[in-house]
Amino acid sequence: MNAKQHIAQLVEQALAAAFPEAQGLPAAAEIEGFLEVPPDRAMGDFAFPCFRLSKALRKGPPMIAQAVLSALCADEWTRAEVAGGYLNFFLNQEKYAVSLLGQIDENFGRSSDGEGKTVCLDYSSINIAKRFHIGHLSTTMIGHSLKRIYEYLGWRAIGINHLGDWGTQFGKMICAYKRWGDREEVEKGGVDAMTALYVRFHQEAEKDPALEDEGRAWFKKIEDGDPEAVEIFNWFKAVTLKDAERVYDKLGVHFDYYTGESFYNDKMGRVIDELTEKGLLTESDGAKVVDLSEDNMPPCLILKRDGATLYATRDIAAALYRKDTFNFDKCLYVVAYQQDLHFRQWFRVVEKMGYEWAKDQLVHVAFGMVSFEGESLSTRKGHVIYLDELLDRAVEKALAIIEQKSPNLENKEEVARQVGIGAVIYADLSNNRIKDIDFWWDRALNFDGETGPYVQYTHARCCSLLRKAADAGIAPDAGDGSALADEEARALLALLGRFPEVVKEAADKYEPSMITRYVTQLAGAYNKYYYEHRILDEDAAASAARVRMTQAVRDVIRRGLYLVGIEAPERM
Ligand code: ARG
């Protein structure tokens with residue numbers, strides 16, 4: 001429990017004692033929200049504004065403040081004073097420091113709140129026969145981070161890669177492969193070789209439109225389960241996944257399931273049947289749609305004129321399947337905001353089918369676009385930045401910086417890998433997800449700015465101090481807290497105490513950036529402390545206390561970085 005929660009609890013108890021007859025008094029969680037931080041520290045660390053209750057209690061705020069104060073249980077680390085309609089709380093900083101540091105280890109903030117609950121996360125969801133470009137970075141890293149955050153809060157989290165592995169383009173690719181392709185070439189060239197085949201198909205089809213029919217026929221064969229077509233198609237998939245796996249390994253990302261669009265081929269009947277039974281399907285130009293005009297949305301396309309299912313149909317089938325299979329409490333879709341309408345439409349369709357849970361359990365976790373050094377990424381203009389190349393460049397650049405800054409570092413390559421990849425992930429997860437991101441090398445790799453390397457460096461600094469302390473025989477020990485009562489320590493401890501709340505809020509808002517920003521602030525507060533105070537001092541007790549605080553900072557930074565998917569090297 002942090003100081004704020006502790007005070008809220010004291011107020012809750014005092015209110016109940018002071019006004020035993022009153023109805024509807026706020027509970028601790030609500031009181032916590034009322035607590036303010038006074039503009040001037042002389043007025044206390046927290047203030048409880050009593051006017052919030054004057055209507056319910058039909059009393060003036062100063063009277064309420066006085067009554068609460070009289071009923072307040074004496075407590076070893078808080079003191080309170082009435083100031084007008086406020087009850088001001090003063091923390092005993094020393095006692096607070098000891099109590100807080102007593103709770104911090106590498107599992108600080110872990111909780112069992114989510115026990116018994118399941119979250120499905122649909123993220124990354126790349127397309128077969130396409131290369132992983134930096135447009136897929138955000139979905140991959142936001143999803144990966146949310147999975148770790150939910151797990152930390154006790155949920156069962158299921159990571160699903162909803163591969164884009166269905167569509168007529170795969171028929172065209174098989175057609176191209178059969179005509180001009182070579183197994184070994186594709187095996188070696190991977191996705192690039194497949195893309196080349198696809199490009200060739202379109203060039204040739206301009207001269208020979210009959211190819212389009214041939215492509216369609218091949219797709220029909222995949223649909224009908226023709227062994228040759230299915231074999232080639234599955235092989236395309238395997239080749240793509242092998243390429244993607246390289247990127248996932250670099251990023252440290254793993255999935256529980258690779259159940260893509262084609263996985264639902266045999267699960268579409270149920271969707272169509274239910275929609276039909278419930279009278280939700282209407283005809284439009286020969287296609288079957290669900291009318292959503294009541295909801296001010298265009299109709300949701302379910303079946304094409306030729307009877308083929310669509311992206312939305314497959315998403316509906318997948319949601320029903322996941323509900324049946326995993327019985328999720330939440331299903332998150334980490335997908336670019338461009339698909340906002342798509343998700344609103346089919347979420348609504350599922351609700352109209354009578355599945356109430358669609359309303360609050362299906363969530364589109366949308367995010368903005370990534371551009372690269374001021375230029376947007378469009379495949380058409382040939383401005384594609386491939387993720388594996390970007391990651392390799394980041395590692396190279398990090399290595400160059402490390403060679404310069406710490407030429408004597410052991411295993412420089414390994415550290416460069418952690419720093420380079422961390423810099424890219426940090427850049428991706430440092431702002432509210434809905435904001436567009438512009439990626440710049442010198443910004444991402446700056447060791448002094450708000451960057452991954454800066455936070456990692458602070459973590460390594462803590463580790464180095466802890467090593468020195470161990471060598472000098474100083475064991476971490478907060479003692480009586482008297483060495484941790486200065487301004488910088490106060491700021492640092494206040495931040496440390498907030499970590500559990502930050503993790504919860506990041507989960508509630510599906511916003512890993514809250515953790516990224518938090519660890520950056522924490523790193524800043526620690527560095528400030530570090531410059532103002534000698535950690536390893538002549539005074540043994542003071543050193544031990546500062547070392548203990550350093551250890552807590554290391555644990556929290558490391559955990560925070562882990563939760564956003566960034567590694568924390570111990571030496572840099
Ligand atoms: N494959 C799609 C794309 O790259 C994203 C799929 C997202 N997930 C979903 N269930 N629709 O645009």
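Atoms within each ligand, like the ligands themselves, are counted from 1 in listed order. From a predicted model like this one, the values you see are computed outputs, not experimental measurements. Computed over heavy atoms, backbone and side chain alike; hydrogens, waters and symmetry mates excluded.
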Determine all donor-acceptor pairs shorter than 3.5 Å in which one atom belongs to a side chain in residues 357-368; sequence neighbours excluded.
| residue | atom | partner | partner atom | Å |
| --- | --- | --- | --- | --- |
| Gln361 | OE1 | Lys323 | NZ | 2.6 |
| His364 | NE2 | Val335 | O | 2.8 |

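- Residues Asp256 and Lys147 have side chains in contact (heavy-atom distance under 4.5 Å, counting atoms from C-beta outward).
- Note that CZ of Phe255 and NE2 of His162 are 13.0 Å apart. Values are rounded to the nearest 0.5 Å.
- Using a heavy-atom distance under 4.0 Å as the criterion, the protein contacts of ligand 1 are Asp122, Ser125, Asn127, His136, His162, Tyr311, Asp315, Tyr333, Val335, Gln339, Phe343.
- A donor-acceptor distance shorter than 3.5 angstrom exists from the side chain of Thr451 to the backbone of Asn446, with no hydrogens or angles considered.
- Among residue pairs with one or both ends in residues 297-306, none qualify as side-chain hydrogen bond (donor to acceptor under 3.5 Å, both in side chains); sequence neighbours excluded.
- Residues passing the ring-ring contact (aromatic ring centres under 6.0 Å, His included) test with Tyr518 are Phe499, sequence neighbours excluded.
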